[in-house]
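Worksheet: the structure to be examined is printed underneath.
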Protein chains: 2
Amino acid sequence: MTDTFVSNPSFFKLDATLKRIRNYWQKTFDAHKKDITVDQWLLIENLYKHKKITHNELAKVTSKDITTVSRIIELLVKKELVVREGSPHDRRKVFLQLTAKGSEKYKDVRPLVLEMRKTGWTGLTESDYSELTRILDVIYNNIP
Amino acid sequence: MTDTFVSNPSFFKLDATLKRIRNYWQKTFDAHKKDITVDQWLLIENLYKHKKITHNELAKVTSKDITTVSRIIELLVKKELVVREGSPHDRRKVFLQLTAKGSEKYKDVRPLVLEMRKTGWTGLTESDYSELTRILDVIYNNIP
DNA sequence: TTTTTTTAGTTGCTAAAGCAACTATTGCTA
DNA sequence: TAGCAATAGTTGCTTTAGCAACTAAAAAAA
C-alpha cells in the first residue's frame, strides 16, 4: 500500500457520507412530522426486533455507548414509546420494551426508512453491497 | 434490488465503523498526550493544506456545519493553534490561519495519523480503496 | 459469612451536529 | 440613493458520543 494511498482521507469520506445520510433521514422524518430522531429510530427498530432487552444489550447491538442508550431511552420513555421494567431476578437489570404506541411508531416510520434506503442504493448492485460490507468489516476488525 | 437487501442496515454499519475509527484515533491521541480531538485534527489538517481560509470555506471542505466549525475554531484559538484575522476588504469575513504552534502540532500529530490509516487498511488493496470510494460517492450523490 | 470484585445503570462533564434566530456587513435593485 | 436581499459569523437550544465517577446489586473469593 503506497504512502499517497495511506494519506488518503477515507475517514473523511465515511464521515461525509454518513452525515449526508443522517441529514437526509432527519429531514424526511421532520417533513413527515414523525417527531423522532435518527438514533431514536435505530433504538426503536432494535426494540421491535428484540422485544425485551436490557440497556447493555441494546448498547451492544446498536454500537452505542450505554450512557447514550440510557439517555435516548429516557427521551423515548417520555414520549411513551418505551417502558422500563425492572427484572425480578436481578434487580440491577432493567428490561426495555416498546409500548403499543411504540410499535405503531415503528410501523408508521418503517416504510419511509425502506424508501430512503432504496434511494441511497440507486444505481448500485447487490455485489456493490457485499463489497461495501466486506471492506467495512475488514476495516472494523483491523482496529485494535 | 431485493427487499431484504434494501432492509439491510448499511447505515448502521457505516456508523459503527466510523465510531470505531474515531474512538481508536481519539484513544491514540490521548495515549500520546496530543491534547486534541479528532475533529480538531481534521480542521488543523485542512488549515495546513489551505493556509488561509474563511469559516465558510473550511465548513465546505470538511463537510461540517458552519456553526460547528465556528465553535471548534474557538477551542483551537484558545489553544493558540489558530488565529482569526479579519479581512480588510470585506469586514464580514474572517480568515483563519495556523499559528507556528499550530503548524508544529500538525507536524507532530501527522505521523500518528498516517500510522493509524495504515492500520485501518491492513489486508486491503488499492482496488478495495477505489471500490469503497466509488460506492460511497454513488451513495452520497444519490441523496437528494 | 464477610470481604472483594464484577456488573447494570445513572449522572456530570466536554465535544460535536445542526436548526433557528440574531447581528453586521455587503451587494442589488427600484 | 434608499431600501431590500444576500452573505458571514455568532449564540441559543436540543441531541448524540464517550469518559469518569458514582450507586446499587449480584457474584466470587477469602
Side-chain angles (χ1 to χ4, degrees), chain A residues 11-12 15-31 34-44 53-60 62-79 82 84-96, chain B residues 11-12 15-31 34-44 53-60 62-79 82 84-96:
Chain A
F11 171 91
F12 167 72
D15 186 54
T17 307
L18 189 64
K19 262 193 283 210
R20 182 117 174 195
I21 297 174
R22 186 182 287 277
N23 211 265
Y24 168 50
W25 281 39
Q26 190 60 60
K27 282 204 162 73
T28 304
F29 287 167
D30 291 350
K34 297 304 184 191
D35 185 33
I36 209 177
T37 67
V38 175
D39 295 282
Q40 287 168 18
W41 162 255
L42 285 179
L43 290 206
I44 288 177
I53 192 172
T54 65
H55 290 75
N56 241 320
E57 292 161 345
L58 191 52
K60 261 174 213 152
T62 55
S63 281
K64 287 186 184 300
D65 197 277
I66 188 181
T67 60
T68 303
V69 167
S70 183
R71 278 183 260 241
I72 297 179
I73 288 295
E74 209 172 302
L75 294 175
L76 293 176
V77 168
K78 262 184 203 151
K79 288 179 179 175
V82 171
R84 299 191 219 233
E85 190 195 329
S87 162
H89 307 297
D90 185 339
R91 282 193 295 167
R92 289 170 305 179
K93 282 192 185 174
V94 179
F95 287 112
L96 304 169
Chain B
F11 171 91
F12 166 71
D15 185 54
T17 307
L18 190 63
K19 261 191 286 210
R20 182 119 174 193
I21 296 174
R22 187 182 288 277
N23 210 267
Y24 167 50
W25 282 38
Q26 190 60 61
K27 282 203 163 74
T28 304
F29 287 167
D30 292 349
K34 296 306 183 189
D35 185 32
I36 207 176
T37 67
V38 175
D39 294 284
Q40 287 167 19
W41 162 255
L42 286 180
L43 290 205
I44 287 176
I53 191 172
T54 63
H55 290 76
N56 241 321
E57 292 163 344
L58 190 53
K60 262 175 213 152
T62 55
S63 279
K64 286 186 184 302
D65 198 276
I66 187 180
T67 61
T68 303
V69 168
S70 183
R71 277 182 262 240
I72 297 178
I73 288 296
E74 209 172 302
L75 295 174
L76 292 176
V77 168
K78 263 183 204 154
K79 288 180 181 175
V82 171
R84 300 192 220 232
E85 188 196 328
S87 161
H89 306 297
D90 185 340
R91 282 192 296 167
R92 292 168 304 178
K93 283 190 185 175
V94 178
F95 286 112
L96 304 169

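Chain A is the first sequence line, chain B the second, and so forth, proteins listed ahead of strands; every chain is numbered from 1.
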Within this structure, what is the CD1-to-C1' distance between A/Ile44 and D/dT16, rounded to whole angstrom? 15 Å
I need the B/Leu43 CG to B/Leu58 CG distance, nearest 0.5 Å. 5.0 Å
Between atom CG in A/Leu75 and atom C1' in D/dA17, what is the gap in whole Å? 14 Å
Does the pair A/Arg22 and A/Asp39 meet the rule for a side chain to side chain contact (heavy atoms under 4.5 Å, CB included), with working shown? CA-CA 9 Å; A/Arg22 186 182 287 277; A/Asp39 295 282; 2.6 Å; yes
Could you tell me the separation between the CZ atom of A/Phe29 and the C1' atom of D/dT15, rounded to a whole number of Å? 15 Å
Less than 4.5 Å apart, any side-chain heavy atom of B/His55 and any of B/Lys64? no
Reported CD1-to-CG distance for the pair A/Ile73 and A/Leu96, which is rounded to 0.5 angstrom: 4.5 Å
May I ask you to check whether B/Thr67 and B/Asp65 show a side-chain donor-acceptor distance below 3.5 Å? yes
In whole angstrom, what separates A/Leu42's CG from D/dT16's P? 10 Å
How do A/Thr37 and A/His89 order along DNA chain D: which one's closest nucleotide is nearer the 5' end? A/Thr37
Note: for B/Val38 and B/Arg91 on DNA chain C, the residue whose nearest nucleotide lies more 5' is B/Val38
Checking B/Lys27 against B/Asn23: is there a side-chain donor and acceptor pair closer than 3.5 Å? yes
Taking every heavy atom of A/Gln40 against every heavy atom of A/Ile72, the minimum-distance pair comes out as CG-CG2, 3.7 Å
Phosphate oxygens OP1/OP2 of D/dC19: is one of them under 4.0 Å from a side-chain N or O of B/Gln26? no
Flag the pair B/Ile53 / B/Phe95 as yes when at least one side-chain heavy-atom distance between them is below 4.5 Å, and no otherwise. no
Rounded off to whole Å, could you give me the CG-to-P distance for the B/Asp35 and D/dC19 pair? 17 Å
For A/Asp39 and for B/Lys27, find the nucleotide of DNA chain D with the closest heavy atom, then tell me which residue's nucleotide is more 5'. A/Asp39
Whole-Å distance between C/dA16 C1' and A/Phe12 CZ? 16 Å
Measure from the side chain of B/Ile72, starting at C-beta and using heavy atoms only, and say which of C/dA17, C/dT26, D/dG18 lies closest. C/dA17
Please name all residues satisfying side-chain contact (heavy atoms from CB on, under 4.5 Å) with B/Lys34, sequence neighbours left out, ordered by chain then number. B/Phe29, B/His32, B/Ile36, B/Asp108, B/Val109, B/Leu112
Once base and sugar-phosphate atoms are separated, protein heavy atoms under 4.0 Å mark nucleotides 2-12 of chain D, 5' to 3', with B, S and - as ----BBSSBBB
In this structure, how many angstroms lie between the P atom of C/dA15 and the CD1 atom of B/Ile36, rounded? 13 Å
Rounded to the nearest angstrom, tell me the gap between atom CG in A/Asp65 and atom C1' in D/dA20. 11 Å
Among residues 15-25 of chain A, which contact DNA chain D at a heavy-atom distance under 4.0 Å? none
